[in-house]
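Every chain is numbered from 1, with letters handed out A, B, ... down the list of sequences. Everything quoted here is computed from the prediction, not taken from an experiment.
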Protein chains: 2
Amino acid sequence: MAITPAAGSSRSASVKDVAATAGVSLGTVSNVLNRPDRVSRTTRERVERAMADLGFVRNESARSLRTGSTHSLAYVMLDAGNPFFTDVARGIELAAETAGLSLFLCNSDGRSAREGAHLAHLQQQRVQGILITPVDPDDPQIDQLIERGTPVVIVDRTRAGSSFCSVAVDDVLGGRLAVEHLIDVGHRRVAYVGGPASIGQVRDRGEGARQAWAEAGLPPEDLVTLSCEAPTVASGRAAGERLVGLPARRRPTAAFCANDLIALGLLQQTISSGRTVPGDLAIVGYDDIEFAAAAAVPLTSVRQPRHDLGRRAAELLLDEVGNPAHQHEQVLFTPELVARSSTRGRSS
Amino acid sequence: MAITPAAGSSRSASVKDVAATAGVSLGTVSNVLNRPDRVSRTTRERVERAMADLGFVRNESARSLRTGSTHSLAYVMLDAGNPFFTDVARGIELAAETAGLSLFLCNSDGRSAREGAHLAHLQQQRVQGILITPVDPDDPQIDQLIERGTPVVIVDRTRAGSSFCSVAVDDVLGGRLAVEHLIDVGHRRVAYVGGPASIGQVRDRGEGARQAWAEAGLPPEDLVTLSCEAPTVASGRAAGERLVGLPARRRPTAAFCANDLIALGLLQQTISSGRTVPGDLAIVGYDDIEFAAAAAVPLTSVRQPRHDLGRRAAELLLDEVGNPAHQHEQVLFTPELVARSSTRGRSS
DNA sequence: GTCCGTTCCTAAATCGTTTCATCGGAGGTC
DNA sequence: GACCTCCGATGAAACGATTTAGGAACGGAC
């Protein structure tokens, strides 16, 4: 039996300790760990016994220092509080799990500084690759990561230069779908409630909205843009208050929101101030998160294939990590409008 | 200037390369990194210049191998798709950021196997400490972590033995509050819609419900328990269908759901099947996530201080990591009922 | 009895960083 | 001018795993 105490010792057991306990050399222990077929059954069992007795846990730092490769990926999320991104993350997780890598989730919370800190740390950790929904896809730190050898895949954004892969959904088209739908059901004065213009998705969806508006031959001044501080439920409520403040003549009869969180906030404020949806205000959201269908008035929304978005992104990253002949690819998914009561009528 | 190419070289620059480029010794580079005040200004600048030119990135594996300590914590979440846990995570993040540690989020998704894999990997990574909302707090793997020297704090659960810290909310009390409220507003036949009984929170909330019911002197058979496969929106919808299937005489007039996701699903199914809330069915949720207030009918819910829960848990972990005189502590927060339209009447 | 081929194991070098004992030189003191 | 002190910089020795070249033991064939 083992001589060393089984657990609770001040320093955790190393291969050396295991070797000593099992009465074999270091290399043999390593072989048991990495190439068990090269070790005879009796020796292997003796070593495994020693590992169990000592509570041996491989030191990943040493391992990856020597082999030069960690076994992990990371996804830097723009907003972990937004179900859209957790769904994307789930798709990524699935692919990572299948490939036997572990995935670390980091949350930048929309703040460049946090994002930068995460990226720096991940780079120091030498993760195999990074998936990121960036605050700003043009951030030079992203290029720097790639130059220094960490593969990066941009999720839910694209960029002109193609020094990396990206997976996104056509946000301009999504914006068009939303506004075309509102025009279809008869609205002629519409608000686009976006988050801060610093967010690319917000700009693109707004651009799509403008295109649809212009193509319908409607006067530009009747598509008003309200921008929020952040794409959150609270901002949506605040936007609702601003909307009410407008003189009735100029008040929009419908709102297209840059995401479902804003839309839910706007919906909540509208209803609690005694107005009706879609009677007084029709609302279209974006993302079609699970809660959109469960809202006070089920929300019309632009659906993105969020799970596939994540899965595809992870697959591209894994290819880039493992396949020397990897070609960068810019995948663009197509969004889809899901019409519900918030734009259609009273029935759910 | 630097002789070595600035970037894109096959192998990233090490301290040795920096030392050679700057014309100093290894130790000096390390001093610049770790104790800059011990290095003269001119030398320091020369070294910093070399680091910039070479695109030097510290290798965290080597660093933590040598120092024996990483600079990271991890939170293993039960369900990243549930806003309750992402809010808890946000509280943890805040505390970790303040302490200058980085936080890895892992998602067990309610599956023991995934949780185990994450824990094993984190242990190999030698993270400083682990916060976890476990699938099962009695899992021996958790004790094993502690025995082998990784501090663990249990979040949103407690356990009798106190070989670790925990931060939780009094779920039995929460269950009582919910059911007392339903009794108060006149309900005499109530359903408890729980997730799978394997989840401790589900059991405790049910226990509280039973206690309140018994204390009110109501017959036990009028508090029916419906258990779902998983605490999700989809399960809530399914539970709604089962509820409708009951004969009118035995059908509950109110439902207390083990969390808000179930409640939202139930609410959605109830309304879309043409019944009203709270007229045909009053609903109480649990967690008071942001979406509860924005639901079809604003949801009465039992609020947990989720942000504080996370923050406090992280503080306890940080104390355990840094303070040799650390005492394990079992923190219990008190939940609070937030009454809204789903149990009260028509006005919001 | 020698030679050869397996099979199984050993010993030593290595990854990149930190740390610690040491050392050279500049400047001050007697 | 000898001696001491400090400051700043040095170089070797770790940390714990993997890898590779090589060696001992053993059996079988000639």
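- Between Ser64(B) and the phosphate of dC15(D), there is no side-chain N or O to OP1/OP2 separation shorter than 4.0 Å.
- Atom CG in Asn31(A) sits roughly 11 Å away from atom P in dC8(C) (whole-Å rounding).
- Put simply, CZ on Arg126(B) is 11 Å from C1' on dC15(D), counting in whole angstrom units.
- Between Leu26(A) and Asp37(A), the one whose closest nucleotide on DNA chain C sits nearer the 5' end is Asp37(A).
- For Ser30(A), whose side chain is taken as the heavy atoms from C-beta onward, the closest listed nucleotide among dT19(C), dA17(D), dT18(D) is dT18(D).
- Here the nucleotide nearest the side chain of Ser25(B), chosen from dC8(C), dT18(D), dG11(D), is dG11(D).
- Here Arg63(B) reaches the OP1 or OP2 of dT18(C): one of its side-chain N or O atoms lies under 4.0 Å away.
- Between Asp143(B) and Arg148(B) no salt bridge is recorded (no basic side-chain N to carboxylate O distance below 4.0 Å).
- Listed nucleotides: dT10(C), dT17(C), dA17(D). Nearest to the side chain of Val24(A): dT10(C).
- Proximity of Val135(A) to Ser112(A): side-chain heavy atoms (C-beta onward) are separated by under 4.5 Å at one or more points.
- Summarising the geometry, the separation between NZ on Lys16(A) and C1' on dT10(C) is reported as 15 Å, rounded to the nearest angstrom.
- Remark: the Gln123(B) side chain and the Thr150(B) side chain contain no N/O donor-acceptor pair separated by less than 3.5 Å.
- The minimum heavy-atom distance linking Leu94(B) with His307(B) is given by the pair CD2-CE1, 4.1 Å.
- Look at Thr28(B) and you won't find any side-chain N or O under 4.0 angstrom from OP1 or OP2 of dA9(D).
- Contact check, Arg41(A) against dC8(C): no side-chain N or O comes under 4.0 Å of OP1 or OP2.
- Remark: P of dG16(D) and CG of Asp17(A) are 8 Å apart, rounded to the nearest angstrom.
- Side-chain N/O atoms of Arg35(A) include one lying less than 4.0 angstrom from OP1 or OP2 on dT19(D).
- Side-chain N/O atoms of Asn59(B) include none lying less than 4.0 angstrom from OP1 or OP2 on dT17(C).
- Distances shorter than 4.0 Å separate some side-chain N or O of Arg58(B) from OP1 or OP2 on dT18(C).
- For the pair Ser14(A) and dG16(D), the criterion of a side-chain N or O lying under 4.0 Å from OP1 or OP2 is not met.
- Arg38(A) places its CZ atom 15 Å from the C1' atom of dT10(C), with the value rounded to the nearest Å.
- When distances run from any side-chain atom of Val15(A) to the nucleotides dT18(C), dA9(D), dA17(D), the shortest one goes to dA17(D).
- More than 12 heavy atoms of other residues, nucleotides or ligands shown are found within 6.0 angstrom of CZ on Arg35(A).
- Contact annotation: Ser61(B) side-chain N/O to dC15(C) OP1/OP2 distance is not under 4.0 Å.
- Taking atom CD of Glu45(B) as the reference point, atom C1' of dG8(D) lies 16 Å away to the nearest angstrom.
- Protein atom CG of Leu65(B) is 12 Å distant from nucleotide atom P of dT18(D), rounded to whole Å.
- Where Gly27(A) and Val39(B) each meet DNA chain D at their nearest nucleotide, the meeting point lying more 5' is that of Val39(B).
- Straight-line distance from the CG atom of Leu33(B) to the P atom of dG16(C): 15 Å, rounded to whole Å.
- When each of dT10(D), dT14(C), dA13(D) is scored by its nearest atom to the side-chain atoms of Arg66(B), the top-ranked nucleotide is dA13(D).
- Contact check on Asp156(B) versus Arg306(B) returns no salt bridge, with no Lys/Arg side-chain nitrogen under 4.0 Å from an Asp/Glu carboxylate oxygen.
- When the nearest nucleotides of DNA chain D are assigned to Thr42(B) and Val29(A) by heavy-atom distance, the more 5′-ward of the two goes with Thr42(B).
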